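This report concerns only the one structure given below.
Computed from heavy atoms alone, side chains included, the values below leave out hydrogens, waters and symmetry copies. Chain naming here is simple, since letters A, B, ... match the order of the sequence lines and numbering starts at 1 in each. No experiment lies behind these values; they were computed from the predicted model shown.
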Amino acid sequence: MASSAPISVRDLTVAFGDTTALDRVSFRIDAGQLVGVLGPNGAGKSTLFEVLAGLQPFAHGEVLIHGRPTARTEGDLAYVPQKERINWRVPLSVMQVVMQGCIRRQRWLRPPRRADLEAGEESLRQVGLWSLREEPMDSLSLGQQQRVFLARSLAQGADILLLDETFSGVDTRSREALMKTLHVLRDQGCTILLASHAVDQLEYNCDCCLCLNRGVVGFGRTRDLVDSGVIRDLVGS
Amino acid sequence: MEMLQSWLVVPFTYAFMVRALTVSVLVGIMCPLLGTYVVTRDLGFMSDALAHAVMPGVVAAVLAGLHPLWGSVPMAAAVALLLGWLVRRTGLSADTTIGILFAGLFALGVMVMSMVRHVRINLEDLLLGQVLGVSRMDVAVTALLTVAVAAILYGLHSRLLFVSFDPLGAKVAGLSAERLDYVFLVLLAVVIVTALQAVGIILVVSLLITPAAAALLVARRVEGAMALGAGFGVAAAVVGLYASYHLNVASGPAMALVATAIFAVASAVAAARR
């Protein structure tokens, strides 16, 4: 297993008390892939993302991001949590959220650097929301909010994006716009993991799928997993 | 016209009223600055509890012949840190942990007060505030703390906002959310203790939360809410002080009532906009 892969996971086991959330999970994802992480509720998708993001300690196994342990990812990974985990009471503008991506580079008691402001602008233009930069976040549609979080990840300079239930509650038109943005980012070399419990959101849009139900029940090209019935069985379960 | 001028000016021909006004204005600015984070982070109950939990520190400082701030600031900081630690380590809910510490420490403070005979502590002043009795030293300490709190908030603003808005995203982006939370709790402790002299333990949330909540109802941005909240806080403090002087009522409750009236107006404005 080459250590330079963006994401490399071997024998990952995570337990909460007596409950095993992830059991000996192994997979490797190459650069520039859009990967659907599919599984029913409670399958361990969010736990896997939290491990990859360095938020969740694990009992056993090895997790490497660009060949380094998760604790030392140095900003090359960005995590977009489920919308329920965002505190919407904080009234922020679109641009304020995007500039959060540059927070590690921000100097104490100084305004943002010109290069960071330009990175923020470019990121927001890339997701097609520059015209909404002054709008309050809570005035945007769900799909637009998710694109703002994508822009924040880009401003951060991350080349690995973890998107947890990003399409949940997003209408069809916004979903298509969001997916188009993800395909552009993928083509630019970003590695994207997209978790969902709804198979129709991932089936025709992802290069490959990781089917999870506490352990890996299938990993490969989406079409192959559909043809072999793995996805049908997983959804049925 | 002359009557109005006299109504406005006469109270401040007394030195104690000028000191009271200075402290009230400083507290009126400082509380909503931090209060904006308190409201958006839903820490109102915790702030109220923290105000009650400093009682033993106040009593200990007075018994030792020191200014109450010498006991209450370290006490509040210790309680804030203990709260954060207990919530993270025991798995108990924040509300439960806060309730236990709040009641236990307040009871300890009152019990020690009732056991000590040789030093007189006015429980009513502690509970409702006594801004008319502040000394020049109180004014200086309040000014110093206001400047310090404002400077620290300015330096940490974007980081505190990120952690408040998206704690998980902030951690992944490389911020130490736990360290920022502890710094925030210590700041909260300092602000609460400083505000105690104006409005007392029971009413401290009226300056910490009410002006900030009112501002958040009408402002579009968090920075706007902070500025507007500080304006509301100063208005509550100044109008409350005038009311206290001219109507001969307690100053702390007067300030709290003005803050509540401002909130009522802001609620009506926000409701009309929708």
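Taking a 6.0 Å sphere around CD of A:Glu118, one finds it holds more than 12 heavy atoms contributed by other residues, nucleotides or ligands. Atom CH2 of A:Trp130 is surrounded by more than 12 heavy atoms from other residues, nucleotides or ligands within 6.0 Å. Around the CH2 atom of B:Trp85, the shell of radius 6.0 Å holds no more than 12 heavy atoms that belong to other residues, nucleotides or ligands. Sparse packing is recorded around OH of B:Tyr154, with 12 or fewer heavy atoms of other residues, nucleotides or ligands lying under 6.0 Å away. Counting non-hydrogen atoms of other residues, nucleotides and ligands closer than 6.0 Å to NE2 of A:His60 gives a total of 12 or fewer.
Among all heavy-atom pairs drawn from A:Asn87 and B:Arg41, the shortest one is ND2-CA, 4.2 Å. Closest non-hydrogen pair, B:Val172 versus A:Ala53, comes out as CG2-CB, 3.6 Å.
With a 4.5 angstrom heavy-atom cutoff, A:Gln106 touches chain B via backbone and side-chain atoms both. Both the backbone and the side chain of A:Glu134 come within contact range of chain B, each with at least one heavy atom under 4.5 Å from a heavy atom of that chain. Heavy-atom distances place both the backbone and the side chain of A:Ile86 under 4.5 Å from chain B. At a 4.5 Å heavy-atom cutoff, A:Val80 makes no contact with chain B through either its backbone or its side chain.
Taking chain A as the reference chain and counting heavy-atom pairs below 4.5 Å, the highest number among B:Gly174, B:Gly224, B:Gly155, B:Ala173 is found for B:Ala173.
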When you look at B:Arg221 and A:Leu92, which way does the side-chain contact (heavy atoms from CB on, under 4.5 Å) test go after all the steps? CA-CA 6 Å; B:Arg221 295 270 186 85; A:Leu92 295 178; over 6 Å; no
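Across B:Thr40, B:Asp166, B:Leu216, a single residue satisfies side-chain contact (heavy atoms from CB on, under 4.5 Å) together with A:Val90, and that is B:Thr40.
The CZ atom of A:Arg89 sits 13.5 Å away from atom OG1 of B:Thr36, with the distance rounded to the nearest 0.5 Å.
Looking at B:Ser158 and A:Gln100, their side chains never bring a donor and an acceptor atom within 3.5 Å of each other.
A salt bridge does not link B:Lys171 to A:Glu50: none of the charged side-chain nitrogens sits closer than 4.0 Å to a carboxylate oxygen.
Between A:Gln96 and B:Phe162 there is no side-chain heavy-atom pair separated by less than 4.5 Å.
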